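As the structure is a computational prediction, the values presented were derived from the model and not from experiment.
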Amino acid sequence: MRIYELSERKDLFEKAVNAFWKQWGNEESYNFYKDCMMRSCETEEEIPRFYIAVENEEIIGTFAILRNDINSRQDLTPWLACLYVDPASRGKKIGSQFLQYALDESARKGYKKLYLSTDIDGYYEKYHWIHTTEAVGLSGSSIKVYEKSTMR
């Protein structure tokens, strides 16, 4: 398994859009994902960036580092988002590899912390992410916000 920033594997762009969209999108959001991902490949800015895990030329997982994860905490950046591992590839510590890769990339880009929002209990705590605050999502509901230092 190898992790690529999407601009390194433009040959897998359409498959990557489908992977992100099928896991995180809905009927109306395909073009949103495609446009976000296309622009991430074109920008000279450090973020946004989309990442794919590839094994035998198949995408087995995804994550992104974004300016914001579509919540009210516009004061916090960057955000880890869209972390997903294909069920057939789970149990191999790929998710933990994604978390560390995202932290390392964020540090390389000059960020001291990385944030994420989730409704999952118990997963991120295993990797020493700290629930520090709440955000408000588009639906108006509260979302847990976690952070972790990018410094080892």
Side-chain angles (χ1 to χ4, degrees), residues 1-26 28-55 57-86 89 92-120 123-138 143-152:
M1 187 268 310
R2 183 159 173 213
I3 299 170
Y4 295 96
E5 196 273 304
L6 185 54
S7 66
E8 298 174 300
R9 290 299 307 264
K10 289 183 182 176
D11 59 307
L12 293 175
F13 182 82
E14 291 297 330
K15 282 185 175 182
V17 171
N18 279 314
F20 277 87
W21 173 69
K22 284 180 180 175
Q23 185 57 38
W24 303 107
N26 59 43
E28 295 84 31
S29 64
Y30 180 83
N31 287 333
F32 171 83
Y33 279 89
K34 186 172 184 174
D35 191 54
C36 288
M37 294 169 74
M38 178 184 65
R39 294 183 189 283
S40 79
C41 292
E42 296 171 348
T43 188
E44 292 181 17
E45 299 295 321
E46 293 286 349
I47 53 177
R49 293 287 179 237
F50 290 81
Y51 299 85
I52 54 175
V54 177
E55 188 171 74
E57 291 305 299
E58 293 297 322
I59 296 173
I60 62 166
T62 66
F63 68 95
I65 301 174
L66 307 174
R67 284 186 181 85
N68 187 271
D69 193 14
I70 312 177
N71 67 54
S72 64
R73 295 305 305 266
Q74 298 290 312
D75 57 315
L76 305 176
T77 198
W79 290 79
L80 172 65
C82 304
L83 189 142
Y84 176 74
V85 177
D86 183 86
S89 297
K92 301 176 185 176
K93 301 191 185 287
I94 294 171
S96 65
Q97 290 176 55
F98 287 175
L99 293 172
Q100 190 58 56
Y101 196 96
L103 288 163
D104 293 344
E105 280 288 286
S106 297
R108 189 183 63 73
K109 295 172 188 303
Y111 296 103
K112 293 180 181 171
K113 292 181 181 179
L114 184 60
Y115 301 90
L116 65 84
S117 59
T118 186
D119 57 0
I120 296 172
Y123 180 75
Y124 296 101
E125 293 88 345
K126 290 190 305 186
Y127 302 103
H128 309 289
W129 287 75
I130 302 168
H131 177 200
T132 55
T133 190
E134 303 287 317
V136 177
L138 289 175
I143 307 166
K144 293 184 292 186
V145 174
Y146 288 75
E147 69 179 56
K148 189 165 182 181
S149 171
T150 60
M151 307 301 152
R152 287 192 183 221

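- The OH atom of Y146 sits 11.0 Å away from the CH2 atom of W129 when rounded to the nearest 0.5 Å.
- Between S96 and Y127, the shortest heavy-atom distance links the atoms CB-CE2, 3.3 Å.
- Within the model, atoms OH of Y51 and CD of E8 stand 8.5 Å from one another, a figure rounded to the nearest 0.5 Å.
- Heavy-atom neighbours of Y123 OH from other residues, nucleotides or ligands within 6.0 Å: above the threshold of 12.
- Considering all non-hydrogen atoms of both residues, P48 and S40 come closest at O-CB, 3.3 Å.
- Ion pairing of R9 with E57 is present here, as a side-chain N (NZ or NE/NH1/NH2) and a carboxylate O approach within less than 4.0 Å.
- Although no hydrogens or angles enter the test, the distance criterion places a donor-acceptor pair under 3.5 Å between the side chain of N68 and the main chain of N71.
- A distance of 13.5 Å separates CZ in R2 from CD in Q97, rounded to the nearest 0.5 Å.
- Here the CD1-CG distance, from I59 to L12, works out to 5.0 Å after rounding to the nearest 0.5 Å.
- One distance of note links CG of L6 with CZ of R49; it measures 10.0 Å at 0.5 Å rounding.
- Using the six-membered ring where Trp is involved, F20 and F50 have ring planes that are perpendicular, over 60° apart on the 30 and 60° scheme.
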side-chain hydrogen bond (donor to acceptor under 3.5 Å, both in side chains) between N18 and E14, intermediate numbers included: CA-CA 6 Å; N18 279 314; E14 291 297 330; 5.1 Å; no
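- The structure places CG of L116 at 8.5 Å from CG of D69, a figure rounded to the nearest 0.5 Å.
- The nearest pair of heavy atoms linking L83 to G95 is CD1-O, 4.2 Å.
- If you check the side chains of E105 and Y111, you find no donor sitting under 3.5 Å from an acceptor.
- Residues F63 and F98 place their aromatic rings such that the two centres sit under 6.0 Å apart.
- Ring geometry for Y115 versus W79: interplanar angle of 30 to 60°, hence tilted.
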Residue pair H131, Y124: steps toward the side-chain contact (heavy atoms from CB on, under 4.5 Å) verdict: CA-CA 9 Å; H131 177 200; Y124 296 101; over 6 Å; no
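- A salt bridge is defined here as a Lys NZ or Arg NE, NH1 or NH2 lying under 4.0 Å from an Asp or Glu carboxylate O, and R108 with D104 fails to meet this definition.
- I47 and P78 get closest at one heavy-atom pair: CD1-CB, 3.8 Å.
- Of all heavy-atom pairs spanning S117 and I143, the tightest one is CB-CG2, 3.5 Å.
- For S149, the side-chain contact (heavy atoms from CB on, under 4.5 Å) partners two or more places apart in sequence, or in a different chain, are M151.
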Full working for side-chain contact (heavy atoms from CB on, under 4.5 Å) between K148 and K113: CA-CA 6 Å; K148 189 165 182 181; K113 292 181 181 179; over 6 Å; no
Derivation and outcome, side-chain contact (heavy atoms from CB on, under 4.5 Å), residues T62 and Q23: CA-CA 9 Å; T62 66; Q23 185 57 38; 5.7 Å; no
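- Shown here is K22, whose NZ atom has no more than 12 heavy atoms of other residues, nucleotides or ligands within 6.0 Å.
- By the side-chain hydrogen bond (donor to acceptor under 3.5 Å, both in side chains) test, E42 is found to be paired with no residue, residues two or more places apart in sequence or in another chain being considered.
- Of the possible polar contacts, one joining the T77 side chain to the R67 backbone as a donor-acceptor pair under 3.5 Å is found.
- Contact between L66 and A81 at its shortest, heavy atoms only, is CD1-CB, 3.6 Å.
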